[in-house]
There are 2 protein chains.
Amino acid sequence: MVDRPSLSKGEMEIARLLWDVGPATVRQAFEAQPEGREMDFTTVQTYLRRLEKKGYASSKLDGRLRVYSARARARTVIRETVDDLVLRLFGGEKLPLVRHLIEDTDIGADELAELRKLIAKLEKERS
Amino acid sequence: MVDRPSLSKGEMEIARLLWDVGPATVRQAFEAQPEGREMDFTTVQTYLRRLEKKGYASSKLDGRLRVYSARARARTVIRETVDDLVLRLFGGEKLPLVRHLIEDTDIGADELAELRKLIAKLEKERS
DNA sequence: AATTTACACGTACGGATGTACGTGTACAAG
DNA sequence: CTTGTACACGTACATCCGTACGTGTAAATT
């Protein structure tokens with residue numbers, strides 16, 4: 001419904017932090033970054049500002065600390081993002097992407113098993 | 001190996017045309033565009049030029065026509081692109097993306113069945 | 001009280017992106 | 001031969017992106 005500009009790659013990383021840790025100050029988001037991928041404090045700050053401007057987050061001052069909260073649900077954003085990728089890279093067909101993921105990547109045996117169960121469950125539900 | 005700058009969204013669409021129709025002139029790529037998504041002739045031209053500059057395509061003059069060919073295989077580019085997305089949006093875990101694709105999208109019953117068979121085959125191969 | 005620390009907020013800046021236009025020229029149509 | 005058509009190639013340009021720096025100020029430390 002709400003038509004937001006799409007997320008850039010860097011913005012995605014920060015949005016994910018917000019979804020994971022919930023409402024967060026710049027520092028909390030900064031510190032929630034996975035190791036091996038640390039952007040500068042002010043870079044995180046810029047991304048949070050941009051997320052808000054694009055409508056993906058909102059913020060309020062708590063004392064002198066600004067607290068950012070996700071405003072779009074992860075599921076929604078993931079759908080939009082993946083749909084866009086599927087459209088551009090696979091002409092809109094999702095199956096080739098799924099096939100790529102399970103055939104061309106080092107997906108584990110346990111993950112395969114989980115998928116098998118998930119599919120079985122879905123198929124059962126649908127009948 | 002070759003470290004290319006990643007593809008932008010628009011570039012992906014044009015790269016896909018090259019993979020689909022094989023070596024193509026600007027016009028051929030232009031005309032291979034799916035309906036409902038037609039960029040300007042010169043926009044396609046610009047993207048082809050940029051694909052070449054980034055190392056994803058090569059070109060040669062055939063008479064006075066410039067013919068572009070894909071230089072990176074679709075599979076490789078797809079892997080790079082999807083890996084990047086998975087990293088940024090799912091922290092590197094592929095399973096959540098697969099789960100999203102089969103749970104949160106309108107995947108068809110026949111596609112589900114196909115996946116079930118694919119998984120069965122893979123599991124058999126691995127044992 | 002003086003100094004350091006931590007933050008908010010504005011600003012910056014080169015390169016990427018999406019989207020084309022203009023000019024020159026070879027070939028085709030008349 | 002003249003005029004239109006199609007294409008190559010250079011250029012453009014606003015906006016976005018990644019990545020920060022600088023300045024002002026409130027809170028904490030010495």
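Throughout, protein chains are lettered first and strands after them, A, B, ... in sequence-line order, and every chain is numbered starting at 1.
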inquiry  = As an exercise, state the distance from CD1 of Ile102(B) to CD1 of Ile119(A), rounded to the nearest 0.5 Å.
reply    = 4.5 Å
query = Do any side-chain nitrogens or oxygens of Arg66(A) fall under 4.0 Å of OP1 or OP2 in dC9(C)?
reply = yes
query = Using a cut-off of 4.0 Å on non-hydrogen atoms, how would the nucleic acid contact of Lys54(B) be classed: base, sugar-phosphate, or nothing?
reply = sugar-phosphate
query = Just checking, Arg4(A) and Tyr56(A): is the charged tip under 6.0 Å from the six-membered ring centre and within 45° of the axis?
reply = yes
request  = Measure the distance from CZ on Arg4(A) to P on dC16(D) and round it to the nearest whole Å.
outcome  = 17 Å
key: Same cluster (ILVMFWY, side-chain, under 4.5 Å), Leu101(B) and Leu87(A)   = no
message = Can you confirm whether the side chains of Lys9(B) and Ser6(A) place a donor and an acceptor under 3.5 Å from each other?
response = yes
ask   = Just how far, in rounded Å, is P of dT5(D) from CG of Leu65(B)?
value = 18 Å
inquiry  = Measure CE/Met12(B) against P/dT17(C) and give the value in whole Å, please.
reply    = 9 Å
remark   = The reported gap from CG in Leu48(B) to OG in Ser59(B) (rounded to nearest 0.5 angstrom) is 9.0 Å
task = Kindly give the heavy-atom pair with the smallest separation between Arg79(B) and Asp104(A), and that separation in Å.
result = NH1-O, 2.6 Å
request  = Quick one: closest heavy-atom pair of Ala32(B) and Leu17(B), and the distance?
outcome  = O-CD2, 3.6 Å
key: Sorted by number, the residues of residues 22-52 of chain A with heavy-atom contact under 4.0 Å to DNA chain D   = Arg37(A), Asp40(A), Thr42(A), Thr43(A), Thr46(A), Tyr47(A), Arg50(A)
key: Interatomic distance where CD1 belongs to Ile14(A) and C1' belongs to dA20(D) [whole Å]   = 14 Å
Nucleotide dC17(D), atom C1' - distance to CD of Glu11(B) in whole Å = 14 Å
Gln28(B) side-chain N/O to Thr25(B) backbone N/O, donor-acceptor pair under 3.5 Å = yes
ask   = Is it the case that more than 12 heavy atoms not belonging to Glu31(A) sit under 6.0 Å from its CD atom?
value = yes
Closest-nucleotide ordering on DNA chain C, the 5'-leading residue of Lys53(B) and Val67(A) = Val67(A)
inquiry  = What's the angle between the local helix axes at either end of the helix from dA1(C)-dT30(D) to dG30(C)-dC1(D), using five pairs per end and rounding to 10 degrees?
reply    = 0°
ask   = Roughly, in whole Å, what's the span from OH in Tyr56(A) to C1' in dC17(D)?
value = 15 Å
If you restrict it to nitrogen or oxygen atoms, what contacts under 3.5 Å exist between nucleotides 25-29 of chain C and the protein, and what is each distance?
{"residue": "dA26(C)", "atom": "O4'", "partner": "Arg64(B)", "partner atom": "NE", "Å": "3.3"}

key: Shortest non-hydrogen separation from Leu18(B) to Ala70(B) and the atoms involved   = CD1-N, 3.8 Å
task = Any chance you could measure Lys53(A), atom NZ, to Glu11(A), atom CD, to the nearest 0.5 Å?
result = 10.0 Å
ask   = For the pair made of NZ in Lys9(B) and P in dT15(D), what is the distance, rounded to whole Å?
value = 18 Å
